[in-house]
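As structure tokens, the structure follows; a few thoughts come after it.
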Amino acid sequence: MIDGRAIAAVIREDVAARARALKERGVVPKCIAIVSDGDAPGLLYAQTARHGGAQVGVEIEIVPIGAGADTSGALAILARVVEEPSAHGVIIQRPLPERIDETRVVEAMDRRKDVDCCHPQTFGLLALGRPLFAPATAVAVMELLKRPPAPALRGARVTVIGRSPIVGRPVSMLLIAADATVTVCHSKTADLADECRRADVLVVAIGKPNFVTADMVKPGAVVVDVGTNVVNGRLVGDVDASVRDVAGAVTPVPGGVGPVTTAVLLRNIVDAAERQTN
Ligand code: NAP
């Protein structure tokens, strides 16, 4: 098992030290998270980040998009929030409800404050290999793969299942930048199990409980399970427990990608605060 909580603790220590240094200059690193009404997972993510941030000197404010707000309402909220001088970062919890045109909203993001990498230009820089910010979950996967028991990524065969803009796509770009040989799979992939079995490292971000089973994993491979699914009131990943008998190492759910994601988000906010203060 790869211990995500231990890796998160190391990142949080660095964040806390840098937040203290900013505070000595009169700056409290702050992010505003915009969460639409009824988005329970988005609200939980923002609340978890707010709780974690409070422990390391990073402030997170949650601003709701009300049930009645349409695209212009959401744009008005974002315009107000990005103008807030005390906020160094702004996050839009996605997906937004269908009544809101998400493309228009993310295109109105201020790139300096785009700590979750939602604006097409921020994402474009990531795709070109010179990221300003990268989505916290994608960076969390890289943090988990940075140290043993993960193999060196240079030249390694890595398969990513999932191509969402929040996880699969950005993690693939970070892996390419780390000189891995990357295969990206999705719901239309033929012979998914074959693609997985070729991988030295398998990153799974599908959102289907226990989807990846032992027969899909190369013996000794490292498996990163991004999935968070609630089954009978319990949090489970996309990777079945049987994989532990075959893999060299697996990230647990909970206690793997999740805590590292929160720590990386806080680090992205401190990065933004430092850039804007300098
Ligand atoms: P998403 O937007 O629903 O994307 C899911 C991806 O999986 C899509 O690319 C989809 O393919 C692919 N997929 C679905 N069924 C498949 C199948 N049978 N075979 C192969 N590929 C399949 O989800 P997401 O936002 O990327 O999130 C993925 C999971 O990660 C969820 O469980 C989410 O809760 C979790 N998550 C965790 C964290 C964390 O911090 N721990 C953060 C974000 C997300 P198509 O593109 O072809 O539809």
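For ligands, and for the atoms within them, numbers begin at 1 and follow the listed sequence.
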> Quick one: hydrophobic cluster around Val253, which other residues, with the 4.5 Å side-chain cut-off, linked directly or via members?
Replying inline: Val230, Leu235
>> Show me, by chain and number, every protein residue that has a heavy-atom distance under 4.0 Å to ligand 1.
In response: Thr137, Ile161, Gly162, Arg163, Ser164, Val167, His186, Ser187, Leu192, Ala205, Ile206, Gly207, Lys208, Phe211, Val226, Gly227, Thr228, Asn229, Val257, Gly258, Thr261
> Do Glu274 and His88 have side-chain heavy atoms sitting under 4.5 Å apart?
Replying inline: no
> Can you list the residues that meet the salt bridge (Lys or Arg N to Asp or Glu O under 4.0 Å) rule with Arg80, with sequence neighbours excluded?
Replying inline: none
>> What I want to find out is whether Arg267 reaches Asp271 closely enough, with some N-O distance under 4.0 Å, to be called a salt bridge.
In response: no
> Are Lys146 and Glu143 ion-paired here, with the side-chain N under 4.0 Å from a carboxylate O?
Replying inline: yes
>> The criterion is salt bridge (Lys or Arg N to Asp or Glu O under 4.0 Å); which residues satisfy it with Arg5, sequence neighbours excluded?
In response: none
